[in-house]
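What follows is a single structure, written as structure tokens, with notes after it.
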Amino acid sequence: MSSETVLICGGAGYIGSALVFRLLKETDFKIKVFDNLSYGGDSVFSFFNFPERFEFVKGDVRTFDFDQLLKGVDYVVNLTALVGEPICKKFPKEAKEINFDSNIRLARACEKNGIKRFVFTSTCSNYGLNETGEMIKEDGELQPISLYAETKVDSEKILLNELPDLPCTVLRFATAYGMAARIRFDLLLHELIRDAWTKAKIYVFGAQSWRPMVHVDDIARGIMLVLSKSDSIKKKDVFNVGSNDQNFQKVQLAQMIAERFNVIIEETQAVKDPRNYKVNFDKVTNELGYKPIHSAKESIDQIANALETGLIDDRILHESVNVKQN
Ligand SMILES: NC(=O)c1ccc[n+]([C@@H]2O[C@H](COP(=O)([O-])OP(=O)(O)OC[C@H]3O[C@@H](n4cnc5c(N)ncnc54)[C@H](O)[C@@H]3O)[C@@H](O)[C@H]2O)c1
């Protein structure tokens, strides 16, 4: 068994639940999940079946003693955040404290404690609005148009330009979709599916806007790849994580869902989507050999089946969101 330990902050969340599953299944790392359980902790129950390799620590990143948390830890993946624009808008002070201040405090503690690699989970939302129609590469212009993206861009700058002794990989994920132990129904593809299921109609605003998509398990596989190649990759680097062929216009996603559920699409012209970006994923493919294995179509079908069989019930559908609708 490996003597190396990966600390996953925010590991009880959507991506965390997929990542811990992959790491326990395919590596021999020991896993320590740290989370304040904002959305509950059911997602980690089954990981206790690996008692030698799994540990859970409850705490809040804003106040926890990181020197204590980092004892015996080799690698750190920070997934902790208030994720998405709605929750950051609702709790701006907490968003800045959790997504930026605590992230940097954690990174500084990692540098001090000689952590071998800090993986920062950023987002393609950083590209904001790009109407050139070109697929944006990692060195393309960052145009954060929400507090959420601002906290990510600000964090990236410090992680990449300061903290000289901290090996750090920034991963800018496309928008996630797909089944995981903690699923979220406040993400683009899942929201469209929920509309199709509950309203028999898919409402799309900004129908022509481009958005890159990636399966949550493919995000987990990307993080796992970085950890496995940590010794040979650059000390500091940035990768977009996704695939060129999963850049979709929102209406294309709606069409796939409409076909599966046999419902109609209603395009709302009144509201424009301020975000529009197509992303280039060549670097992660060429340099790390990364290739997603899942597709949006496959997930639409899986989630449709889960709704039809009651595997995903009303409670999951309406409560698995970071901010509840009134
Ligand atoms: N889901 C996506 O589409 C997506 C895309 C790009 C980037 N990301 C990034 O990936 C990371 C994980 O996203 P996710 O979709 O799994 O989100 P999530 O909301 O499901 O998970 C976040 C986790 O952080 C924990 N957390 C929040 N505040 C905390 C605090 N103060 N102290 C300790 N733990 C706290 C929550 O309890 C939760 O388990 C985030 O950093 C997010 O910005 C996600």
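FYI, side chains are in, hydrogens and waters are out, and symmetry mates aren't considered; it's all heavy atoms of this structure. Counting convention: from 1, in listed order, for ligands and their atoms alike.
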Subject >> Ser122 contact mode with ligand 1 (heavy-atom cut-off under 4.0 Å) >> reply: backbone
Original post:
With respect to Arg117, which candidate in Cys168, Cys110, Ser230 satisfies the side-chain contact (heavy atoms from CB on, under 4.5 Å) definition?
Top reply: Ser230
Subject >> Ile98, portion touching ligand 1 at heavy-atom distance under 4.0 Å >> reply: side chain
**OP:** Provide, to 0.1 Å, the distance between atom 1 (N) of ligand 1 and the closest protein heavy atom, together with that atom's residue and name.
**Re:** Arg184 NH1, 3.5 Å
**OP:** Give a yes or no on whether a salt bridge exists between Lys96 and Asp154, defined as a side-chain N under 4.0 angstrom from a carboxylate O.
**Re:** no
Original post:
In the protein, which heavy atom is nearest to atom 24 (O) of ligand 1, and how far is it?
Top reply: Gly10 CA, 3.6 Å
Original post:
Can you tell me how far the CD atom of Gln249 sits from the CG atom of Asn247, to the nearest 0.5 Å?
Top reply: 10.0 Å
**OP:** Check Val83 against ligand 1 and report side chain, backbone, both or neither, counting heavy atoms closer than 4.0 Å.
**Re:** side chain
**OP:** Would you mind checking which non-hydrogen protein atom is closest to atom 41 (O) of ligand 1, with the distance to 0.1 Å?
**Re:** Lys152 NZ, 2.8 Å
Original post:
Hey, is ligand 1 close enough to Tyr14 that some N/O pair sits below 3.5 Å?
Top reply: yes
Subject >> Where ligand 1 meets Ala12 - atom numbers and elements under 4.0 angstrom, heavy-atom basis >> reply: 39 (O)
Original post:
Where is the tightest heavy-atom contact between Met213 and Leu253, given as atom of each residue plus distance?
Top reply: SD-CD1, 4.0 Å
Original post:
Between Arg260 and Glu308, is the closest basic N to carboxylate O distance under 4.0 Å?
Top reply: yes
Original post:
What part of Arg172 sits under 4.0 Å from ligand 1 if we count only heavy atoms: the side chain, the backbone, both or neither?
Top reply: neither
Subject >> Nearest non-hydrogen protein atom, atom 5 (C) of ligand 1 >> reply: Ala174 O, 3.5 Å
**OP:** Could you list which atoms of ligand 1 come closer than 4.0 Å to a heavy atom of Asn322?
**Re:** 19 (O)
Subject >> Nitrogen or oxygen of Ser38 less than 3.5 angstrom from that of ligand 1 >> reply: yes
Original post:
Is there any N or O on Phe34 that sits under 3.5 Å from an N or O of ligand 1?
Top reply: no
Subject >> Arg172-Tyr127 side chain donor-acceptor pair, cut-off 3.5 Å >> reply: yes
**OP:** Measure up the His190 and Phe185 rings against each other and bin them: parallel (under 30°), tilted (30 to 60°), perpendicular (over 60°).
**Re:** tilted
Original post:
Of the backbone atoms (N, CA, C, O) and the side-chain heavy atoms from C-beta on, which set of Leu187 has a member under 4.0 Å from an atom of ligand 1: side chain, backbone, both, or neither?
Top reply: side chain
Original post:
Which residue owns the protein heavy atom closest to atom 43 (O) of ligand 1, what's the atom, and how far is it?
Top reply: Tyr148 OH, 2.5 Å
Original post:
Is any side-chain heavy atom of Phe91 less than 4.5 Å from a side-chain heavy atom of Ile98?
Top reply: no
Subject >> For atom 2 (C) of ligand 1, closest protein heavy-atom neighbour >> reply: Ala176 CB, 3.7 Å
Original post:
Does the ring center of Phe29 lie less than 6.0 Å from the ring center of Tyr75?
Top reply: yes
**OP:** Under 4.0 Å from a heavy atom of Thr121: give me the atoms of ligand 1 that qualify, with their elements.
**Re:** 9 (C), 10 (O), 11 (C), 40 (C), 41 (O)
Subject >> Region of Ile219 that comes within reach of ligand 1 [heavy atoms, distance under 4.0 Å] >> reply: neither
Original post:
When you measure from atom 18 (P) of ligand 1 to every protein heavy atom, which one gives the shortest distance, and what is it?
Top reply: Arg182 NH2, 3.8 Å
**OP:** Would you please test Glu4 and Lys116 for salt bridge (charged side-chain N to carboxylate O under 4.0 Å, His left out) and show each step?
**Re:** CA-CA 10 Å; Glu4 293 190 308; Lys116 293 177 190 164; 2.6 Å; yes
Subject >> Basic-acidic side-chain contact under 4.0 Å: Arg62, Glu97 >> reply: yes
Original post:
Can a salt bridge be assigned to the pair Asp42 and Arg182 using a cut-off of 4.0 Å between side-chain N and carboxylate O?
Top reply: no
Original post:
When you measure from atom 35 (C) of ligand 1 to each heavy atom in Val61, Val57, Asn36, which option holds the nearest one?
Top reply: Asn36
**OP:** For the pair Phe50 and Lys25, evaluate side chain to side chain contact (heavy atoms under 4.5 Å, CB included) and give the outcome as yes or no after the intermediate values.
**Re:** CA-CA 10 Å; Phe50 295 80; Lys25 185 167 159 266; over 6 Å; no
**OP:** Please indicate whether any nitrogen or oxygen in Thr175 is less than 3.5 Å from any nitrogen or oxygen in ligand 1.
**Re:** no
Subject >> Minimum heavy-atom distance Thr151-Phe100, with the two atoms named >> reply: O-CD1, 4.0 Å
Original post:
Should one rank Leu19, Leu79, Asp35, Val44 by closest heavy-atom distance to atom 38 (C) of ligand 1, which comes out on top?
Top reply: Asp35
Subject >> Residue portion contacting ligand 1 (non-hydrogen atoms closer than 4.0 Å) for Glu94 >> reply: neither
**OP:** Check Ile15, Val119, Val20, Asn78 against Ile8 for a side-chain contact (heavy atoms from CB on, under 4.5 Å) and give me the one that passes.
**Re:** Val20
Original post:
Would one find an N or O of Ile15, backbone or side chain, under 3.5 Å from an N or O of ligand 1?
Top reply: yes
**OP:** Consider only side-chain N and O atoms of Asn280 and Asn240, and report whether a donor and an acceptor are under 3.5 Å apart.
**Re:** no
Original post:
Counting heavy atoms only, which part of Cys9 comes closer than 4.0 Å to ligand 1: side chain, backbone, both or neither?
Top reply: neither
**OP:** Report yes or no: does Gly84 have a heavy atom closer than 4.0 Å to ligand 1?
**Re:** no
**OP:** Show which atoms of ligand 1 fall inside a sub-4.0 Å distance from at least one heavy-atom site of Asp60.
**Re:** 30 (C), 31 (N), 32 (N)
Original post:
Is the closest heavy-atom distance from Gly59 to ligand 1 below 4.0 Å?
Top reply: yes
Original post:
Is the shortest distance from a Lys or Arg side-chain nitrogen in Glu162 or Arg108 to a carboxylate oxygen in the other one below 4.0 Å?
Top reply: yes
Original post:
What residue and atom, counting heavy atoms only, is the protein's closest point to atom 21 (O) of ligand 1, and at what distance?
Top reply: Gly13 CA, 3.5 Å
